[in-house]
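This report refers to the structure that appears directly beneath it.
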Protein chains: 2
Amino acid sequence: MRIGELSRKTGVPVPTIKYYVREGLLPPGELTSPNQAAYGEAHERRLQLIRALLEVGGMKVAEIADVLAAIDDPERPVHKVLGTAADRLGSGGIEHDDAGSAAARAVVADLISRRGWRTHESNPAATDLSEVLAALDRLGHGAFAEVLDDYADAAEQVARADLRYVDQRVAVEDMVEAVVVGTVLGEAVFSALRRLAHVSASAKLYGTDVPQEQKPS
Amino acid sequence: MRIGELSRKTGVPVPTIKYYVREGLLPPGELTSPNQAAYGEAHERRLQLIRALLEVGGMKVAEIADVLAAIDDPERPVHKVLGTAADRLGSGGIEHDDAGSAAARAVVADLISRRGWRTHESNPAATDLSEVLAALDRLGHGAFAEVLDDYADAAEQVARADLRYVDQRVAVEDMVEAVVVGTVLGEAVFSALRRLAHVSASAKLYGTDVPQEQKPS
DNA sequence: GATAGCGGATAGTGCCGCTATCTACTTAGG
DNA sequence: CCTAAGTAGATAGCGGCACTATCCGCTATC
């Protein structure tokens with residue numbers, strides 16, 4: 001398969017494919033001549049993965065490069081890949097560093113110990129969580145912490161489902177990819193489900209909300 | 001309070017505040033002279049909200065403008081604001097429109113009816129969900145649909161918690177803001193919790209995973 | 001009356017994900 | 001064999017976005 005066919009099959013323009021190769025997201029095709037290269041199914045699959053992480057997962061190209069490098073590295077232990085995949089999420093790294101942050105960190109540490117989670121508050125996810133809680137506090141929504149345990153219950157349930165899904169992969173490389181896909185796309189799945197449940201629940205609570213109306217624009 | 005103090009209190013640079021005013025995110029200060037204006041606590045609060053939606057929620061400035069306009073409009077019914085806040089999430093609107101999409105839409109419709117959700121599959125969230133499922137299918141992860149119900153259970157639980165939180169607001173404008181904050185920042189909270197639960201669950205499953213290690217960079 | 005700050009406006013910057021263009025070459029069709 | 005379409009690789013440019021820099025004439029304050 002040459003690049004044009006790869007482009008047609010995936011819907012990704014040829015120059016974009018070349019760009020991904022340049023950026024290290026996609027391995028180059030196997031050269032059959034100085035200016036002819038052959039691409040296989042692996043390239044097609046990889047390209048789909050790239051597009052999914054970009055469009056659905058909202059990841060940046062450089063982040064995807066990191067994650068894919070982790071996937072491709074057979075030396076890298078599974079939990080490192082998970083870390084690489086997961087760490088790209090979160091606030092983006094804005095530091096506020098006020099009094100509220102310390103309080104938020106304490107809330108997170110308490111939550112972790114209360115639930116018996118085998119992690120430490122130095123975990124990037126824990127840091128992100130404290131930052132979000134600090135932001136909520138700043139907004140006068142510190143009371144949001146009251147529903148934290150409901151959120152945590154739900155998060156545990158989702159995490160169990162994720163592990164169940166990943167666990168039934170046979171080969172290790174499939175498992176690694178399943179972790180990445182599950183982490184990133186699973187986020188999008190849950191987000192959509194939450195919004196659906198939101199609409200439905202508020203309809204039940206506040207009476208018969210019309211299902212959908214379009215504004216005249 | 002003048003703009004410099006507002007800037008100091010919120011950590012947002014003065015030119016950025018002016019930019020937000022230009023873009024309609026922040027109402028202008030009340031003019032006390034042709035070139036002097038006074039800002040109040042409402043401005044400070046609004047600025048915190050903008051930063052939270054931007055940095056934590058990852059929203060775009062134009063989207064924030066829409067949501068804030070919806071919040072400020074007393075005519076707009078609550079569920080419309082919720083819609084405005086929620087619809088900005090999701091894949092970004094890439095259409096693939098192949099056979100897999102139709103199958104994914106069917107899965108979503110089935111899910112909605114199976115769970116008795118009071119919504120329709122024309123809901124943007126439902127569309128987003130089908131698109132994610134279609135992408136998963138394209139990646140050979142169609143089996144992910146098997147854990148959809150676990151995800152949906154968790155989503156319902158989170159939605160209930162959200163409503164409980166919103167419901168205890170007294171004033172309507174507080175409620176509206178609580179919906180926005182809950183929807184957008186709640187997403188970030190859940191995301192972090194999920195990653196924490198992920199690490200913890202995989203530690204319990206795969207033995208004593210080290211909690212955290214830093215790479216030498 | 002000097003200095004710092006202000007409101008308002010316009011233009012520019014840096015990053016990011018492509019996209020356009022060019023050259024030299026290869027392949028497929030008639 | 002010739003031609004038209006396609007290709008690898010390289011460089012430069014584009015459009016969107018969230019700011020950021022600069023300037024002007026004015027004002028508050030010491």
Side-chain angles (χ1 to χ4, degrees), chain A residues 1-40 43-44 46-68 88 91-94, chain B residues 1-40 43-44 46-68 88 91-94:
Chain A
M1 176 167 43
R2 291 187 299 169
I3 203 173
E5 191 178 349
L6 183 60
S7 167
R8 248 168 283 121
K9 278 190 181 172
T10 58
V12 180
V14 171
T16 304
I17 296 177
K18 289 183 176 182
Y19 165 67
Y20 291 157
V21 172
R22 278 201 304 281
E23 297 298 314
L25 302 198
L26 192 67
E30 196 182 348
L31 284 177
T32 61
S33 313
N35 68 338
Q36 294 289 295
Y39 302 84
H43 289 93
E44 193 180 336
R46 172 57 58 96
L47 212 36
Q48 300 280 22
L49 180 57
I50 293 168
R51 297 305 280 195
L53 295 181
L54 255 185
E55 295 171 357
V56 181
M59 289 178 68
K60 292 183 188 174
V61 166
E63 292 165 346
I64 296 176
D66 290 347
V67 171
L68 293 181
R88 76 92 207 169
S91 329
I94 288 86
Chain B
M1 176 167 44
R2 289 185 302 170
I3 204 172
E5 191 178 348
L6 184 61
S7 167
R8 248 168 283 120
K9 278 189 180 171
T10 58
V12 180
V14 170
T16 305
I17 296 177
K18 290 183 175 181
Y19 165 67
Y20 292 157
V21 171
R22 276 202 305 281
E23 296 299 314
L25 303 198
L26 192 66
E30 195 182 348
L31 284 178
T32 61
S33 311
N35 67 338
Q36 295 289 296
Y39 301 85
H43 289 95
E44 192 180 337
R46 171 58 57 95
L47 212 36
Q48 300 281 19
L49 179 57
I50 292 168
R51 297 304 282 193
L53 295 181
L54 255 184
E55 296 171 358
V56 181
M59 290 178 69
K60 293 182 189 175
V61 165
E63 292 164 346
I64 296 176
D66 290 348
V67 171
L68 293 182
R88 75 92 207 170
S91 329
I94 288 86

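These values consider heavy atoms only, across backbone and side chains, with no hydrogens, waters or symmetry-generated copies. In what follows, chains are A, B, ... by sequence order, proteins preceding strands, each numbered from 1.
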Just how far, in rounded Å, is [atom2] of [N] from [atom1] of [X]?
X     : N      : atom1 : atom2 : value
B/L25 : D/dC19 : CG    : C1'   : 12 Å
B/Q36 : D/dT29 : CD    : C1'   : 11 Å
A/Y20 : D/dA10 : OH    : C1'   : 19 Å
A/R2  : D/dA8  : CZ    : P     : 8 Å
A/R8  : D/dA5  : CZ    : P     : 14 Å
A/H43 : D/dT7  : NE2   : P     : 15 Å

How close do B/V67 and B/M59 get, heavy atom to heavy atom, and via which atoms?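 Of all heavy-atom pairs spanning B/V67 and B/M59, the closest is CG2-CE, 3.7 Å.
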Would you please name every residue forming a salt bridge (Lys or Arg N to Asp or Glu O under 4.0 Å) with B/E5, sequence neighbours left out?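 Expected list: B/K9.
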Looking at CD1 of A/I64 and CG of A/L49, how far apart are the two atoms once the value is rounded to the nearest 0.5 Å?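 Between A/I64 CD1 and A/L49 CG, I get 8.0 Å after rounding to 0.5 Å.
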Quick one: OG1 on B/T10 to CD1 on B/I50, what's the gap to the nearest 0.5 Å?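 Going from the OG1 atom of B/T10 to the CD1 atom of B/I50 covers 9.5 Å.
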Considering only nitrogen or oxygen atoms on both sides, find all protein atoms under 3.5 Å from nucleotides 20-23 of chain D and state each distance.
unit_1: D/dT20; atom_1: O4; unit_2: B/R22; atom_2: NH2; d: 3.2

Distance-only criterion, 3.5 Å: show the donor-acceptor pairs between side-chain atoms of residues 13-25 of chain B and protein atoms not counting sequence neighbours.
unit_1: B/Y20; atom_1: OH; unit_2: B/R51; atom_2: NH1; d: 2.6

Terminal contacting nucleotides, 5' and 3', DNA chain C versus chain A (heavy atom, 4.0 Å):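 Listed 5' to 3', the contact boundaries are C/dG17 to C/dT27.
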Closer than 4.0 Å, any side-chain N/O of B/S33 to the OP1 or OP2 of D/dA28?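 So the side-chain polar atoms of B/S33 do come within 4.0 Å of the phosphate oxygens OP1 or OP2 of D/dA28, strictly under.
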Under 3.5 Å for both distances, Watson-Crick or G-U wobble, that's the pair rule; now give the dot-bracket for DNA chain D, with | marking pairs to another strand and [ ] for crossing ones. ||||||||||||||||||||||||||||||
With sequence neighbours excluded, tell me which residues meet side chain to side chain donor-acceptor pair (under 3.5 Å) with A/R2.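 Counting only residues at least two positions away or on another chain, A/R2 forms a side chain to side chain donor-acceptor pair (under 3.5 Å) with A/Q36.
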Comparing A/N35 and B/Y39 on DNA chain C - which has the more 5′ nearest nucleotide: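 Checking each residue's closest nucleotide, the 5'-ward one belongs to B/Y39.
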